[in-house]
Amino acid sequence: YPYRIRSQRMRLLCLCGRVYDSAVDIASRIATTIPLGGPQPPRLLDRVRLAIRAHHYSPRTEEAYLAWIKHYIFFHDKRHPAEMGADEVTRFLSSLALHSHVSASTQNQALSAILFLYQEVLRQDLPWLDGIVRAKRSVRLPVVLTRDEVQGVLSQLRGPLRLIATLLYGAGLRLLECARLRVKDVDFATNQILVRGWKGYKDRVTLFPASVKADLAHLAAARRQHEADLRHNAGWVALPGALDRKYPNAGREWVWQWV
């Protein structure tokens, strides 16, 4: 019996020794793979994202630029852009036109993303950047619906879809401008709609069609619902930029609610 206890103790000590050796080995591997000396510099795409936001570009531009830069890197087998130059950019743009059959505007957007990468992120003063030729956009005639055709389309829509389509046609709003329209941006007294900080972060004023006023009758019921939500500690909407820190309670005000 004492011999059996001593044997169990020896096996337990051997097992503990193996666990300790494994832990030491894992710790040494981690120490060799994670260099010391402070936080690591941001990755390339993170640097691109920071540079785009520092220039106050729109979220759609950020999404498009990041997608084109990824496409450019993967096209050249994940080579770092700092190792590439005019030949690689030209081959990439030529492949878009010859194999992907993209339009001239799409090709120019890809070129703008690559130029932004080299000029604003990598800070490379390369003379070949100015020599890149942009694709010439084709001149196309727009397709314009007649009044009867527009009325026929609008007559088939109901509810929010009809309101959006009417604002797109009557006020000349873009789709996202219409979807993010707030109560304070609609001026019933002067029949105007104020569009703030959209393309190019510029404000503009457009007409408020009289025919849309009847479609905005839902705002009265929406305001009553908003007041009921406030009594239940709700009714908050997101604010643009840093306004939520500057005006903490503005997100609960009626004027900031979505139309």
Side-chain angles (χ1 to χ4, degrees), residues 29-145 168 172-180 195-204 240-242:
R29 293 181 182 179
I30 294 176
T32 55
T33 55
I34 301 180
L36 301 178
Q40 297 299 305
R43 296 181 300 176
L44 178 62
L45 293 181
D46 293 333
R47 292 168 57 191
V48 174
R49 188 176 290 105
L50 292 174
I52 292 175
R53 295 180 182 179
H55 284 75
H56 295 278
Y57 288 174
S58 67
R60 300 292 292 273
T61 302
E62 176 182 335
E63 180 182 357
Y65 276 22
L66 288 174
W68 281 121
I69 292 173
K70 288 181 182 178
H71 193 179
Y72 172 63
I73 294 174
F74 278 89
F75 179 81
H76 292 291
D77 298 327
K78 299 183 180 180
R79 292 175 58 191
H80 196 281
E83 303 173 356
M84 298 184 283
D87 294 337
E88 287 79 7
V89 174
T90 303
R91 287 204 305 270
F92 174 68
L93 297 177
S94 300
S95 175
L96 292 179
L98 298 178
H99 302 291
S100 300
H101 304 287
V102 301
S103 63
S105 59
T106 302
Q107 189 177 10
N108 287 332
Q109 185 188 62
L111 175 59
S112 298
I114 296 174
L115 294 181
F116 182 87
L117 170 66
Y118 281 101
Q119 293 175 339
E120 304 296 337
V121 180
L122 299 178
R123 298 292 182 180
Q124 292 190 7
D125 187 15
L126 301 177
W128 54 264
L129 288 175
D130 299 329
I132 297 295
V133 180
R134 292 182 177 271
K136 185 178 180 180
R137 299 181 62 177
S138 302
V139 179
R140 304 289 185 182
L141 294 177
V143 178
V144 181
L145 300 179
L168 293 180
L173 297 180
R174 300 180 179 91
L175 180 59
L176 286 181
E177 291 175 348
C178 185
R180 299 181 182 180
V195 182
R196 295 185 178 273
W198 277 99
K199 192 169 185 179
Y201 275 88
K202 297 177 182 179
D203 297 344
R204 62 186 178 92

Between the side chain of [X] and the main-chain N/O of [Y], is any donor-acceptor distance below 3.5 Å?
X: Gln107; Y: Leu93; result: yes
X: Tyr118; Y: Pro81; result: yes
X: His55; Y: Tyr57; result: no

Would a 4.5 Å heavy-atom cut-off, applied to side chains only, mark [X] and [Y] as touching?
X: Gln109; Y: Leu96; answer: no
X: Met84; Y: Arg91; answer: no
X: Leu122; Y: Arg47; answer: yes
X: Ile69; Y: Val121; answer: no

Subject >> Chi angles and distances behind the side chain to side chain contact (heavy atoms under 4.5 Å, CB included) call for Arg79, Glu88 >> reply: CA-CA 10 Å; Arg79 292 175 58 191; Glu88 287 79 7; 3.5 Å; yes

Can you measure from [atom1] ([X]) to [atom2] ([Y]) and round to the nearest 0.5 angstrom?
X: Tyr72; Y: Leu117; atom1: OH; atom2: CG; answer: 7.5 Å
X: His76; Y: Ser95; atom1: NE2; atom2: OG; answer: 8.5 Å
X: Leu50; Y: Leu45; atom1: CG; atom2: CG; answer: 11.0 Å

Original post:
For Glu63, does the CD atom sit with more than 12 other heavy atoms under 6.0 Å from it, leaving out its own atoms?
Top reply: no

Original post:
Phe92 vs Trp68 aromatic rings, parallel, tilted or perpendicular, using cut-offs 30° and 60°?
Top reply: perpendicular

Subject >> All side chain to side chain donor-acceptor pair (under 3.5 Å) counterparts of Thr106, not counting sequence neighbours >> reply: Ser103

Original post:
What heavy-atom pair brings Leu44 and Ile73 nearest, and what distance separates the two atoms?
Top reply: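 The answer is CD2-CD1, 3.9 Å.
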
